[in-house]
Amino acid sequence: MPTPPEIHQLRQAAESFGVDAARYDRTRPPYPAALLDRIVEAAPGRQVLNAGCGTGIESRQLRARGCTVLGVEPDPRMAGFARSTGIEVEEARFEDWRPAGRTFDLVVAGTAWHWIDPVAGAAKAAEVLRPGGRLAPFWHTFKLPDEMAAGFGEAFRRLVPDSPFDPGRQPVGSAVEGYQPILTRAADGIRAAGGFTEPEQWQVDWEKRYSRDEWLDQLPTSGALTRLPADRLAAITEAVGATIDRMGGDFVMSYTSVTVTAARVRT
């Protein structure tokens with residue numbers, strides 16, 4: 001995810017995903033069971049706080065693992081969708097949210113922690129975690145096939161030349177390498193906040209095959225595209241669709257889902 005150094009300050013982008021909450025929930029992939037199981041098993045209990053819970057994708061996955069989940073979400077449209085699926089949600093930016101004395105065993109965020117101030121977010125997590133509790137923001141990292149990245153990048157730069165994002169830029173190595181600045185900022189924020197063990201990265205590799213229609217359905221949920229006028233979005237979608245057509249109508253995405261995690265130091 002190419003990103004400016006202070007992506008959490010781009011509040012309009014951070015709070016734009018609710019423009020089509022149902023599409024976001026329908027098209028965004030869930031998190032791999034192996035990663036969530038490891039995170040839950042490393043926590044001392046099942047009381048979970050989900051920062052930036054969005055439509056509740058990971059909240060529902062955690063609920064299915066026996067967790068009691070409270071979501072915190074700044075976008076009322078996303079929060080409303082999550083509530084419609086049975087997730088309890090309080091509307092606030094995580095940095096500003098008031099815990100009112102409540103404590104938790106686990107604080108998570110699913111592909112959302114980069115929209116939260118990394119130091120203030122970690123400090124809030126330290127405030128609400130019980131001794132031995134765990135902070136575990138996690139992300140889907142991915143690497144587009146080279147032909148896909150080239151077609152997407154060319155169309156995006158031509159149509160949105162002033163954007164701080166460049167979704168066509170690819171990491172030289174693995175998917176995680178392209179996201180490493182985000183992961184490093186999360187770890188540095190945890191260290192700066194204090195009160196945690198040394199952060200670790202845990203990851204799970206997996207793949208997903210997308211048809212043309214499946215990918216174009218998900219594409220408008222990208223943070224680089226959620227605020228585009230309809231004509232520019234249509235032009236980008238057309239260009240990406242043409243690229244997928246040249247590739248045979250589908251493609252395989254390589255994902256690595258990764259968490260930056262640390263335990264609350266017992267006092």
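When a residue number appears, it is its place in the shown sequence, counting from 1. The shown structure was predicted, so the numbers you read here are calculated from the model rather than taken from an experiment.
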**Student:** Checking R83 now: which residues fulfil salt bridge (charged side-chain N to carboxylate O under 4.0 Å, His left out) with it, not counting sequence neighbours?
**Tutor:** E91

**Student:** By ring pair (Phe, Tyr, Trp, His ring centres under 6.0 Å), which residues pair with F196, not counting sequence neighbours?
**Tutor:**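 With sequence neighbours excluded, F196 shows a ring pair (Phe, Tyr, Trp, His ring centres under 6.0 Å) to no residue whatsoever.
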
**Student:** Show me the side-chain donor-acceptor pairs of residues 41-52 shorter than 3.5 Å, one per line, residues at least two apart or across chains.
**Tutor:**
from : atom 1 : to  : atom 2 : distance (Å)
R46  : NH1    : V40 : O      : 3.4
N50  : ND2    : E58 : OE2    : 3.1
N50  : ND2    : S59 : OG     : 2.6

**Student:** Ring centres of W215 and F251 under 6.0 Å apart?
**Tutor:** yes

**Student:** Mind checking side-chain hydrogen bond (donor to acceptor under 3.5 Å, both in side chains) for D213 and listing every partner two or more places apart, or none if nothing turns up?
**Tutor:** none

**Student:** Under the rule for side chain to side chain contact (heavy atoms under 4.5 Å, CB included), what residues qualify as partners of S254, not counting sequence neighbours?
**Tutor:**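 S254: side chain to side chain contact (heavy atoms under 4.5 Å, CB included) contacts with E207.
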
**Student:** Name all residues meeting the ring pair (Phe, Tyr, Trp, His ring centres under 6.0 Å) criterion together with W97; count only those two or more places apart in sequence or in a different chain, and write none if there are none.
**Tutor:** none

**Student:** Taking only residues two or more places apart in sequence or in another chain, which ones pass ring pair (Phe, Tyr, Trp, His ring centres under 6.0 Å) with W206?
**Tutor:** H140, Y255

**Student:** With sequence neighbours excluded, what pairs up with F81 under the ring pair (Phe, Tyr, Trp, His ring centres under 6.0 Å) test?
**Tutor:** none

**Student:** Name all residues meeting the salt bridge (charged side-chain N to carboxylate O under 4.0 Å, His left out) criterion together with D250; count only those two or more places apart in sequence or in a different chain, and write none if there are none.
**Tutor:** R209

**Student:** Apply salt bridge (charged side-chain N to carboxylate O under 4.0 Å, His left out) to E147 and list each qualifying residue two or more places apart in sequence or on a separate chain.
**Tutor:**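 Once residues adjacent in sequence are excluded, the partners of E147 under the salt bridge (charged side-chain N to carboxylate O under 4.0 Å, His left out) criterion are R246.
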
**Student:** Among residues at least two apart in sequence or on other chains, which ones pass side-chain hydrogen bond (donor to acceptor under 3.5 Å, both in side chains) with D105?
**Tutor:** R130

**Student:** So, using side-chain hydrogen bond (donor to acceptor under 3.5 Å, both in side chains) as the criterion, who are the partners of T27 when residues are at least two apart?
**Tutor:**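 T27: no side-chain hydrogen bond (donor to acceptor under 3.5 Å, both in side chains) contacts found.
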
